[in-house]
Every structure is written in C-alpha cells, then in structure tokens.
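One structure below.
Scope of the values below: all heavy atoms of this structure, side chains included, with no hydrogens, waters or symmetry mates. When a residue number appears, it is its place in the shown sequence, counting from 1. Both ligands and their constituent atoms are indexed starting at 1 by order of listing.
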Amino acid sequence: TKDEEILLFRPDQNMKRFNKSNLRLVMPQFDEEFALHALKKLIEIDRDWVPNHPGTSLYIRPFMIATEAHLGVDPAKNYKFMIILSPVGSYYKEGINPVKIAVENKYVRAVSGGTGDAKTAGNYAASLLASEIAGENGYSQVLWLDGRERQYIEEVGSMNIFFKINGEVVTPELNGSILDGITRKSIIELLKHWNIPVTERRISIHEIQEAYNEGILEEVFGTGTAAVISPVGELFYNNEKLTINNGETGALSKKLYDTITGIQNGTKEDVFGWTVKL
Ligand SMILES: *Cc1c(COP(=O)(O)O)cnc(C)c1O
C-alpha cells in the first residue's frame with residue numbers, strides 16, 4: 001500500500017484450496033493456520049523484495065512435491081512444502097489489453113471425475129500442446145470445452161471465464177472439471193454486492209454464438225490471481241471470429257479490475273474482509 005503496509009489477498013482461501021487439491025492427489029493435509037503463519041514470517045524476512053510501484057506485486061507460490069527416492073505408481077511417503085516468492089512487474093504495462101482466445105475443440109484439459117478441480121501441475125501438462133498451436137495462430141490462450149460433448153464452456157488455461165449477455169453475467173458452474181478460482185469467487189461476491197445479476201450455470205459455445213449473432217454478447221473476461229481480470233477481445237471458434245465490444249475493454253471488466261486491485265493495494269475499502277495485513 002502507499003503507507004508501506006503489506007496486504008495479502010485471501011490467503012486463507014488459497015490454503016484451503018491447496019489442502020482440497022491434496023486430498024484429490026493423495027498428498028498430505030497440512031495445518032492451514034501454521035502455513036499462513038510461516039508464509040507471513042517468510043514475507044517479513046523478505047519484505048524488502050516487495051515492490052511498491054503501481055501495478056507491481058509480490059507473487060507468492062506455495063507448492064508441494066514428493067521427495068522420496070522411490071519409483072512406483074503409488075502415493076509417496078515424503079513430501080516437501082515450499083513457498084517461492086518473486087516480485088513481479090505490472091501485468092498490464094500499457095493499460096488493460098484485451099486478449100484473443102481460440103476455442104479448443106480437439107484437445108481437452110480435464111473431464112468431470114478427473115483432476116480438473118485440483119490445482120496441480122498435471123493439468124497444465126495436459127493443456128500445453130493446444131496452447132502452443134493456438135499461439136502459432138496468433139491466439140494467446142485457449143478456451144476449453146467439456147471433454148464429453150465438446151460444447152459446454154469450461155475455462156481458459158489458467159483463468160475462469162465470465163460472459164456478460166444482455167446485462168446478465170454468467171459463468172460456468174463448478175462441475176468438477178474446472179478450477180474453483182478465488183478471483184472467480186470474489187467477482188461473484190462483488191457482482192452480487194452491486195446487485196448486478198450473476199448466474200453460475202452450464203453455458204454452451206452455441207449459446208455464446210447465438211448471443212453474439214443477436215448482438216447481446218456485451219463483454220467476455222477471464223479471471224485469475226495474476227491478471228485479476230483479463231478482457232477478451234476476440235473468440236475464435238470453428239473458423240469464425242467473434243469480436244467482442246470492438247476488441248476493447250468493457251466498462252464492467254474495467255470496474256471489476258479497478259475495484260479488486262484497489263482493495264488489494266489499500267486504496268479502496270475492503271468491505272468483504274478479503275485482505276490480511278502482514
Ligand atoms: C489458478 C487457476 C485459475 C484461477 O484461480 P485463482 O484462484 O483466481 O487464481 C483458474 N483456472 C486454472 C486452471 C488455474 O490453474
């Protein structure tokens with residue numbers, strides 16, 4: 001903050017999701033309160049690394065790996081819990097720039113019953129090839145469809161996705177194959193607080209095409225810790241380009257971005273109690 005204080009954004013929620021992911025992967029549960037205590041101690045020691053220019057932050061990545069010297073397909077007996085800290089520059093150097101996203105209909109990232117709702121590196125491994133191919137075609141990320149019917153929208157590589165259609169905000173429901181994003185959850189809470197209609201439900205790519213053709217697809221944006229809000233200026237699906245809001249950042253996307261980053265850097269009141277002072 002401008003008063004040189006350090007604020008953490010919803011660390012309790014991150015620790016909770018970490019333990020939930022561990023359950024799915026047969027990795028041990030850890031004491032969330034102790035982990036948070038250790039995290040705060042670490043940041044205290046490294047506090048000179050916390051950058052203070054507008055838009056910058058200290059990226060915090062707690063993670064766990066198996067460390068035992070053993071080959072075999074079974075849960076390990078020894079693990080290491082570590083926390084990486086890294087100062088990061090502004091995600092948006094020249095203001096928020098909408099991204100172009102390709103809708104993926106060949107590869108899938110996760111299926112219901114799999115590990116899609118755990119935050120685990122394996123999910124990224126499954127996603128890299130499609131991202132590479134999309135990148136070669138000028139798209140920065142892919143939008144995943146469900147693994148069974150390839151028609152219901154899931155999420156973007158490392159972000160959840162929201163659509164504003166005719167004044168209503170919709171986002172795919174937590175169906176077991178998408179990640180329970182903490183930014184996603186925060187956006188839903190904010191929209192409800194502002195009395196903007198928001199619904200979590202199944203959304204097909206055809207419904208998005210129809211809304212686009214009717215001219216009522218107003219905004220599309222991704223949400224995640226690193227970018228907070230990432231407006232989508234173009235979706236590419238089955239050789240069709242859907243240009244959203246003239247490829248510009250929508251008013252709601254901007255307002256959500258300003259509000260969440262404002263709460264994070266202490267310039268906006270934290271009415272939800274999301275931040276934790278070091
Ligand atoms: C981390 C991640 C997100 C975003 O979650 P946040 O808690 O908002 O950072 C969304 N999808 C995937 C696949 C992720 O790994």
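Aromatic pair Phe81/Phe18: ring centres closer than 6.0 Å.
A salt bridge is absent between Glu200 and Lys185; no separation between the charged side-chain nitrogens and carboxylate oxygens falls under 4.0 Å. Ion pair Glu104/Arg150 not flagged as a salt bridge, since none of the NZ, NE, NH1 or NH2 atoms sits closer than 4.0 Å to an Asp/Glu carboxylate oxygen. A salt bridge between Lys16 and Asp12 is absent, with no side-chain N of the basic residue lying under 4.0 Å from a carboxylate O of the acidic one.
In terms of protein heavy-atom proximity, atom 11 (N) of ligand 1 is nearest to Glu155 OE1, 2.5 Å. For atom 8 (O) of ligand 1, the nearest protein heavy atom (residue, atom name, distance) is Thr183 OG1, 2.6 Å. Closest protein heavy atom to atom 14 (C) of ligand 1: Lys119 NZ, 3.0 Å. For atom 15 (O) of ligand 1, the closest heavy atom belonging to the protein is Tyr124 OH, 2.4 Å. When hydrogens are left out, the protein atom nearest atom 3 (C) of ligand 1 is Ser158 O, 3.3 Å; that is the closest non-hydrogen contact.
Side chains of Thr56 and His53 form a contact here, defined as non-hydrogen atoms less than 4.5 Å apart. At a threshold of 4.5 Å between non-hydrogen side-chain atoms, the residues Met15 and Leu39 count as touching.
Across every non-hydrogen atom of Thr249 and Ile96, the tightest pair is OG1-O, 3.4 Å.
Applying the 4.0 Å criterion to heavy atoms of Gly181 picks out, from ligand 1, the atoms 5 (O), 6 (P), 7 (O), 8 (O). The contact set between ligand 1 and Asn160, taken as ligand atoms under 4.0 Å from a residue heavy atom, comprises 10 (C). Listed by atom number, the atoms of ligand 1 under 4.0 Å from Arg109 heavy atoms are 13 (C). Heavy-atom proximity to Gly224, at under 4.0 Å, picks out these atoms of ligand 1: 4 (C), 8 (O), 9 (O).
Summarising the hydrophobic clusters (Ile, Leu, Val, Met, Phe, Trp, Tyr; side-chain heavy atoms under 4.5 Å, direct or chained), the residues clustered with Leu143 are Val99, Ile101, Val103, Leu145, Ile153, Val156, Met159, Ile161, Phe163, Ile165, Val170, Ile203, Ile205, Ile208, Tyr212, Ile216, Leu217, Val220, Val232, Leu235, Tyr237, Leu242, Ile244.
Not a single heavy atom of Gln13 sits closer than 4.0 Å to an atom of ligand 1. Heavy-atom distances between Gly157 and ligand 1 reach below 4.0 Å in at least one pair.
Residue Thr225 touches ligand 1 through backbone and side chain together, judged by heavy-atom distances below 4.0 Å. Residue contacts with ligand 1 for Met159 involve N, CA, C or O but no side-chain atom from C-beta outward (heavy atoms, distance under 4.0 Å).
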May I have the step-by-step check of side-chain contact (heavy atoms from CB on, under 4.5 Å) for Asp146 and Arg202, ending in yes or no?
-> CA-CA 10 Å; Asp146 76 280; Arg202 234 164 47 152; over 6 Å; no
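Of the candidates Glu154, Arg184, Arg10, Arg17, the one placing a heavy atom closest to atom 7 (O) of ligand 1 is Arg17.
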